[in-house]
Amino acid sequence: MPELPEVQTIVDDLLAAGLPGAAVTAVAVHWPRSVAGLNVCEFAERLSGRRISGIRRRGKFIVFDLAPDLHLLVHLRMSGRLLLVAGGGELSPHQHVIIALDDGRELRFHDPRKFGRMYLVAEAGERLGRLGPEPLARGFTARRLAEGLGGRKRSLKPLLLDQSFIAGLGNIYVDEALWDARLHPCRRSDSLAAGEVVALHRAIRKVLRRGLRNNGTSLGAGQSNFNSIGEKPGSNREALRVFRRTGLACPRCRSPIARIIVGQRSTHICPRCQTAP
DNA sequence: GTCTATGTTTGCGG
DNA sequence: TCCGCAAACATAGA
């Protein structure tokens with residue numbers, strides 16, 4: 001579900017809620033597979049007593065630093081949410097992991113589809129090392145993107161969704177970026193002219209920054225829809241140009257937006273602005 | 001009942 | 001090795 005802007009919104013909200021500094025007092029796991037690599041007891045034992053020293057994002061992972069040498073990584077996948085609530089409240093059906101804190105609050109992992117995962121690692125690089133560059137980092141230049149694209153022979157869309165190529169993009173922001181750069185999702189990565197790479201680089205950063213400004217994209221009111229902590233929705237849906245706008249007018253040329261399937265994923269394009277290779 | 005879904009991983013065949 | 005494709009995970013909503 002959540003991509004870079006949604007995950008960053010959650011991280012920002014956790015920071016604003018004053019979570020760093022709190023210590024874990026108790027852990028309950030109601031769906032063991034939400035915890036990867038460890039059994040429930042090991043997970044609870046290793047987490048209990050640890051203090052949260054920092055919270056950050058890497059790709060689509062939320063990283064809780066538990067000083068000095070432990071990290072809780074949370075990947076929300078399709079339907080995961082984090083909730084920060086007053087302790088002792090009743091447990092609703094999809095809340096699979098409850099982390100009680102010494103300030104009286106509870107961090108709860110809510111995940112109807114159960115695809116999300118929590119990882120507890122000593123070395124953050126164990127999980128994060130395979131991720132590609134952060135698209136909003138200073139070091140992510142058009143030149144670096146050009147080198148990456150040129151070294152591969154894949155279709156643009158599946159390549160941009162590949163987290164080892166670039167970290168944090170998902171179906172929404174890839175469709176939006178390709179539309180903005182006027183590139184068809186099936187274009188081969190090594191076929192782009194220099195100007196097209198610059199346009200793509202600019203488009204990726206533009207759509208992500210806009211998503212961030214709008215606190216992420218919330219698509220509906222359902223249980224698996226994105227909401228930040230405290231059920232707070234984002235407003236970026238209004239800013240989407242093509243994603244889930246099949247049949248509506250392209251904001252640039254007024255042609256109807258089309259929905260096609262690329263790399264097994266639903267894909268939205270303007271057939272006139274984004275011509276097939 | 002049918003179709004779709006903001007994600008990732010694995011296994012297969014070219 | 002690289003690439004594309006299908007399936008698996010599990011559930012809700014239209």
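First the proteins, then the strands, lettered A, B, ... as listed; each starts at 1. Everything numeric here is computed off the predicted structure, so don't read it as measured data.
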Shortest side-chain distance from [X], nucleotide among [options]:
X: A/Lys60; options: B/dG7, C/dA10, B/dT6; result: B/dG7
X: A/Ile172; options: C/dT11, B/dT6, B/dT4; result: B/dT6
X: A/Arg127; options: B/dG7, B/dT9, C/dA12; result: B/dT9
X: A/Arg244; options: C/dC9, B/dA5, B/dT8; result: B/dA5

Query - Donor + acceptor pair across side chains of A/Ser266, A/Arg259 (<3.5 Å) - result: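 There is such a pair (donor and acceptor under 3.5 Å, judged by atom type) between the side chains of A/Ser266 and A/Arg259.
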Query raised in the report: Would you say the side-chain atoms of A/Ser34 and A/Lys114 include a donor-acceptor pair closer than 3.5 Å?
Result: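 There is no such pair (donor and acceptor under 3.5 Å, judged by atom type) between the side chains of A/Ser34 and A/Lys114.
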Closer than 3.5 angstrom, by distance alone: can the side chain of [X] be matched with the main-chain N or O of [Y] as a donor-acceptor pair?
X: A/Glu176; Y: A/Val242; answer: yes
X: A/Ser155; Y: A/Arg187; answer: no
X: A/Ser235; Y: A/Pro233; answer: no
X: A/Glu134; Y: A/Gly59; answer: yes

Query raised in the report: Distance check: side-chain N/O of A/His75 vs OP1/OP2 of B/dT8, anything under 4.0 Å?
Result: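 Indeed, a polar side-chain atom of A/His75 lies that close.
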**Report entry** Any A/His94 side-chain nitrogen or oxygen under 4.0 Å from OP1 or OP2 of C/dA12
**Finding:**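 Yes, A/His94 has a side-chain N/O under 4.0 Å of OP1/OP2 on C/dA12.
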Query raised in the report: Which of residues 107-116 of chain A have a heavy atom under 4.0 Å from DNA chain C?
Result: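 By residue number: A/Pro112, A/Arg113, A/Lys114, A/Phe115.
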Query raised in the report: Does A/Glu231 CD have over 12 foreign heavy atoms under 6.0 Å away?
Result: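 For A/Glu231, atom CD is crowded (more than 12 foreign heavy atoms under 6.0 Å).
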**Report entry** A/Arg209 CZ: over 12 foreign heavy atoms closer than 6.0 Å
**Finding:**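 Atom CZ in A/Arg209 is packed in, count exceeds 12.
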Atom-pair distance ([atom1] on [X]; [atom2] on [N]), nearest Å:
X: A/Leu4; N: B/dG7; atom1: CG; atom2: P; answer: 12 Å
X: A/Ile62; N: B/dG7; atom1: CD1; atom2: P; answer: 14 Å
X: A/Asp162; N: B/dG7; atom1: CG; atom2: P; answer: 13 Å
X: A/Arg77; N: C/dT11; atom1: CZ; atom2: P; answer: 15 Å
X: A/Arg33; N: C/dT11; atom1: CZ; atom2: P; answer: 10 Å
X: A/Leu169; N: B/dG7; atom1: CG; atom2: C1'; answer: 13 Å
X: A/Tyr119; N: B/dT9; atom1: OH; atom2: P; answer: 6 Å
X: A/Arg245; N: B/dT6; atom1: CZ; atom2: C1'; answer: 17 Å

Query raised in the report: How are the rings of A/Phe61 and A/His75 set to each other: parallel, tilted or perpendicular (split at 30° and 60°)?
Result: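 Because their plane-to-plane angle is over 60°, the rings of A/Phe61 and A/His75 count as perpendicular.
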Requested in this report: Please determine which of A/Asp13, A/Asp12, A/Ile62 meets the side chain to side chain contact (heavy atoms under 4.5 Å, CB included) test together with A/Ile55.
Outcome: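 Among A/Asp13, A/Asp12, A/Ile62, the one meeting side chain to side chain contact (heavy atoms under 4.5 Å, CB included) with A/Ile55 is A/Ile62.
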Query raised in the report: Contact class for A/Arg130 (heavy atom, under 4.0 Å): base, sugar-phosphate, or nothing?
Result: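 Here A/Arg130 touches no strand at all.
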Query raised in the report: Which is true for A/Arg117 with a 4.0 Å heavy-atom rule: it touches a base, it touches only sugar-phosphate, or it touches nothing?
Result: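 Here A/Arg117 touches no strand at all.
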Query raised in the report: Which stems, defined as runs of 3 or more consecutive Watson-Crick or G-U wobble pairs with both pairing distances under 3.5 Å, involve DNA chain C?
Result: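 Looking at DNA chain C, the stems formed by three or more consecutive pairs are B:2-5 with C:11-14, B:7-14 with C:2-9.
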Between N or O atoms, less than 3.5 Å apart, protein on one side and nucleotides 3-7 of chain C on the other: list the pairs.
residue : atom : partner  : partner atom : Å
C/dC3   : OP1  : A/Lys153 : N            : 2.7
C/dC3   : OP2  : A/Arg152 : NH1          : 2.7
C/dG4   : OP1  : A/Ser155 : N            : 3.1
C/dG4   : OP2  : A/Arg154 : NE           : 3.0
C/dA6   : N7   : A/Gln264 : OE1          : 2.6
C/dA6   : N7   : A/Gln264 : NE2          : 3.0
C/dA7   : N7   : A/Gln264 : NE2          : 3.4

Query raised in the report: Between A/Arg252 and A/Trp179, is NZ or CZ placed under 6.0 angstrom from the six-membered ring centre and within 45° of the ring axis?
Result: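 So A/Arg252 does make the cation-pi contact.
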